[in-house]
Protein chains: 2
Amino acid sequence: MLLTGTLQERETYVPTGNIVNQLIGRPGMKSIEPTIKANDAPPPRAAERILQVARDLFYRQGIRAIGVDEIVRRAGVTKPSLYRSFPSKDELAASYLRHYDLEFWERFDEAVNAHPGDPRAQIVAFLTRVGKRTQRPDYRGCGMTNAAVEYPEHGHPARVVSEANKQELRRRLRAMAAAMGAGDAETLGDGLLLLIEGAYISGQLFGAGGPAQSVARNADLLIEASLKK
Amino acid sequence: MLLTGTLQERETYVPTGNIVNQLIGRPGMKSIEPTIKANDAPPPRAAERILQVARDLFYRQGIRAIGVDEIVRRAGVTKPSLYRSFPSKDELAASYLRHYDLEFWERFDEAVNAHPGDPRAQIVAFLTRVGKRTQRPDYRGCGMTNAAVEYPEHGHPARVVSEANKQELRRRLRAMAAAMGAGDAETLGDGLLLLIEGAYISGQLFGAGGPAQSVARNADLLIEASLKK
DNA sequence: CTATCATGTTACTGACCGGTACGTTGCAGG
DNA sequence: CCTGCAACGTACCGGTCAGTAACATGATAG
C-alpha cells in the first residue's frame with residue numbers, strides 16, 4: 001500500500017524559530033543605527049562580514065548547499081552573531097537577494113541611461129553585457145532565478161524577493177517594448193524576458209561558447225520582427 | 001582576519017561511500033534480470049517503487065530538498081532497499097534524470113513526427129505544447145535545468161545527465177535551424193534554446209499568465225526574422 | 001565608575017543527513 | 001524436507017542541519 005496522500009504536502013512556507021525577531025522589521029536585518037549619533041562608527045561589523053560571505057557563497061554554491069556553520073566560519077564570527085543580526089537563515093538568504101536586487105537594477109539602469117529615449121538600444125546594450133558576463137568561467141546565472149528554483153514553496157522569504165524582482169523586470173520590459181512601438185508589446189516584452197532567463201540558465205549550463213553568447217543578437221532579431229508587424 | 005582561501009573550494013564532484021557498488025554499472029541501477037530466466041517475475045519491486053516516488057518528489061520539491069528517509073517512507077520500503085538498488089542518493093537522482101531524458105525526447109519526437117520535413121512546424125508544435133504545460137498550476141519547470149541549478153559542481157552525476165541532455169538539444173535545434181534554411185543557423189538554434197529555457201524558468205516563476213505562454217509565438221517571430229536575413 | 005552595547009565563547013538541542021552491519025523472511029530447486 | 005539464495009527489515013553509525021541558552025569580554029559614553 002502506498003503511503004502517499006497520508007502526509008500533508010506543505011506548499012506554503014512556514015517560518016521556524018525566533019518568532020520575536022522575525023517581527024521586528026521586514027528587511028530581516030536589524031537597523032544599523034537605532035539612535036542618531038555620530039555616524040562614524042558602524043558598530044555591527046559582524047553583520048556586514050556575514051552578509052558579504054553569505055552573498056559570495058550563496059551565489060556560487062547555492063543557498064541550500066551552504067550551511068550557517070560554514071558562513072560564520074568563513075566570516076570569522078560565531079553563530080550567535082549571525083542570529084543576532086538575522087532572524088533565520090531564510091531571512092539571511094532574503095537579505096542576500098535584496099542586495100542582489102539593488103545591484104541588478106544598477107546594471108540595468110546603467111544600460112538604460114547610456115541610450116536615453118532609445119529603448120531598443122537600451123535592451124541591446126543590457127543584453128550585450130549579460131551575454132559577456134555569461135561567458136566568464138565562474139558564471140553562475142542569476143541569483144534570483146536560482147533561488148526560485150531552489151525554493152519552489154510559495155511564500156518563502158527568498159522566493160518572495162525573487163518573484164518581486166522578476167515581476168518588476170517583466171513590467172519594465174513590456175513598457176520598453178511599447179515605447180518601441182511594437183504592435184504586440186506584451187508579447188515582445190515577454191519574449192525578451194524569455195531570452196534573458198534563457199541566457200542566465202544557459203550561461204551556467206553550457207559555460208563559455210554556449211548559446212547565451214548570442215542573446216543580444218537574438219533579441220535584436222526578435223525586436224526587428226516584432227516592429228515590422 | 002578573513003579565513004577565505006584557507007579552505008579548498010571543491011568545484012568537482014567527489015563520490016562518497018559505497019565504492020564497490022559505484023563501479024558495477026554506470027546506469028547506477030543494478031540490472032533487473034542478471035540471468036536469463038522466465039521474465040514473468042519482476043523481483044525487485046522495491047526499486048521500481050523507490051524510483052517512482054523519487055521522480056515525483058525530486059521534480060516537485062527539488063533534489064536537495066528531499067531526503068532519502070522521506071523517499072523510502074513514501075515508497076513503503078526501507079533504506080537498505082534503496083541502497084541495494086542504487087549506489088547513492090546522487091546516483092538515484094541521476095536515474096531520475098535519465099528517465100526524465102527518455103520522456104523528454106518522446107515528447108520532442110512526437111512534435112517532430114507530427115510535421116515530417118517541416119522543421120519550423122515541428123518547433124512551433126513542440127513549443128505550443130511546452131507553453132501549455134507551463135500554465136499548469138503544478139508546473140515546476142524542466143527537471144534537467146533545475147538539477148543543474150541545484151548542483152553547480154562539475155562532474156556531479158545528476159549534472160552530467162543534465163548537461164548531456166542540453167548538449168543534444170542544442171545540436172538538434174541548430175540542425176533544425178539549418179534545415180529551415182536560416183542564414184545563421186547556429187544563432188537561430190541557440191535563440192530557440194534560449195526561449196525554451198526561458199519558458200521553463202518563467203513557467204515556474206510566474207505561474208499561469210506568465211511570459212512562458214508566449215514562447216511559441218516568440219519562437220515563430222524569431223524564425224521569421226532569421227529566415228528573411 | 002558604571003551602564004550599555006556589540007561581540008565572543010562554550011555548550012547544547014532535537015531533528016535530519018546519507019549510508020551500513022547484520023538479522024529475518026519467504027520462496028524455489030534438489 | 002532441506003538447502004540456499006534473494007529480497008527485505010531492524011537498528012544503528014558519525015556527522016551536519018538550523019537554532020539557542022548562559023555567560024564573558026572589551027570598548028564606548030555619560
Side-chain angles (χ1 to χ4, degrees), chain A residues 13-22 28-50 54 58 62-73 75-93 151 156-158, chain B residues 1 13-22 28 30-35 37-38 40-50 54 58 61-73 75-94 151 156-158:
Chain A
Y13 174 80
V14 178
T16 58
N18 206 339
I19 299 191
V20 177
N21 277 353
Q22 270 163 17
M29 183 175 167
K30 286 161 72 182
S31 60
I32 309 256
E33 306 285 301
T35 62
I36 307 166
K37 56 177 166 179
N39 64 344
D40 53 352
R45 78 174 214 285
E48 274 180 55
R49 292 158 58 80
I50 290 167
F58 282 164
I63 299 170
R64 289 200 118 112
I66 297 296
V68 292
D69 293 279
E70 188 164 358
I71 293 174
V72 299
R73 197 185 41 188
V77 300
T78 54
K79 235 185 312 185
S81 284
L82 191 157
Y83 284 98
R84 271 178 215 120
S85 302
F86 304 93
S88 66
K89 184 199 174 185
D90 291 333
E91 282 297 337
L92 173 60
Y151 294 98
H156 189 287
Chain B
M1 129 181 107
Y13 174 80
V14 179
T16 59
N18 207 338
I19 298 192
V20 178
N21 276 353
Q22 270 162 15
K30 285 159 72 179
S31 60
I32 310 257
E33 305 288 299
T35 61
K37 55 177 168 182
D40 52 353
R45 79 173 213 285
E48 276 179 54
R49 292 159 58 80
I50 289 167
F58 282 164
Q61 323 263 109
I63 299 170
R64 291 200 117 112
I66 298 295
V68 291
D69 294 278
E70 187 164 358
I71 293 174
V72 298
R73 197 186 40 186
V77 300
T78 55
K79 245 193 291 192
S81 284
L82 192 156
Y83 285 97
R84 263 173 230 122
S85 302
F86 304 91
S88 65
K89 183 200 175 185
D90 291 334
E91 282 297 336
L92 173 60
Y151 295 99
H156 189 286

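Numbers restart at 1 for each chain; the letters A, B, ... are given by sequence-line order, proteins then strands. Only a predicted model underlies this, so the values are computations on that prediction, with no experimental measurement involved.
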May I have the distance from [X] (atom [atom1]) to [N] (atom [atom2]), rounded to whole angstrom?
X      : N      : atom1 : atom2 : value
B:R64  : C:dG18 : CZ    : C1'   : 13 Å
B:K89  : C:dG18 : NZ    : C1'   : 8 Å
A:L82  : D:dA18 : CG    : P     : 10 Å
A:I66  : D:dA18 : CD1   : C1'   : 14 Å
A:E91  : D:dA18 : CD    : P     : 15 Å
B:D90  : C:dC17 : CG    : P     : 14 Å
B:H156 : C:dG18 : NE2   : P     : 11 Å
A:I50  : C:dA6  : CD1   : P     : 14 Å

What's the separation between atom [atom1] in [X] and atom [atom2] in [Y], rounded to the nearest 0.5 Å?
X      : Y     : atom1 : atom2 : value
B:H156 : B:E91 : NE2   : CD    : 9.0 Å
B:I63  : B:K89 : CD1   : NZ    : 7.5 Å
B:R45  : B:I50 : CZ    : CD1   : 10.0 Å

B:T78 and B:V72, any side-chain heavy atoms less than 4.5 Å apart:
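The answer is no; the side chains never approach within 4.5 Å.
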
Taking side chain as C-beta onward, heavy atoms only, is A:L92 less than 4.5 Å from A:V68?
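They are not in contact (no side-chain heavy atoms under 4.5 Å apart), so the answer is no.
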
Applying a 4.0 Å non-hydrogen cut-off, can you work out what B:I71 is touching in the nucleic acid: base, sugar-phosphate, or nothing?
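Result for B:I71 = nothing.
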
For a quick test of reading the model, state the closest non-hydrogen atom pair linking A:Y151 to A:A158 and the distance between them.
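Shortest heavy-atom contact: CD1-CB, 4.5 Å.
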
Ignoring hydrogens, what is the shortest heavy-atom contact between B:A75 and B:R49? Give both atom names and the distance.
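That would be O-NH2, 2.5 Å.
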
With respect to the phosphate group of D:dC8, does any side-chain polar atom (N or O) of B:R45 fall under 4.0 Å of OP1 or OP2?
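Answer is yes, contact under 4.0 Å.
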
Can you tell me if the side-chain N/O atoms of B:Y83 get under 4.0 Å from OP1 or OP2 in C:dG19?
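For C:dG19, OP1 or OP2 has a side-chain N or O of B:Y83 closer than 4.0 Å.
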
For nucleotides 9-11 of chain D, tabulate all protein N/O to nucleotide N/O atom pairs closer than 3.5 Å, reporting atom names and distance.
from  : atom 1 : to    : atom 2 : distance (Å)
D:dG9 : OP2    : B:T78 : N      : 3.3
D:dG9 : OP2    : B:T78 : OG1    : 2.9
D:dG9 : OP2    : B:S81 : OG     : 3.4
D:dG9 : N7     : B:R84 : NH2    : 3.3
D:dG9 : O6     : B:R84 : NH2    : 2.6

Can you tell me which nucleotide in D:dC8, C:dG8, C:dG18 comes closest to the side chain of B:D69?
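The answer is C:dG18, which lies nearest to the side chain.
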
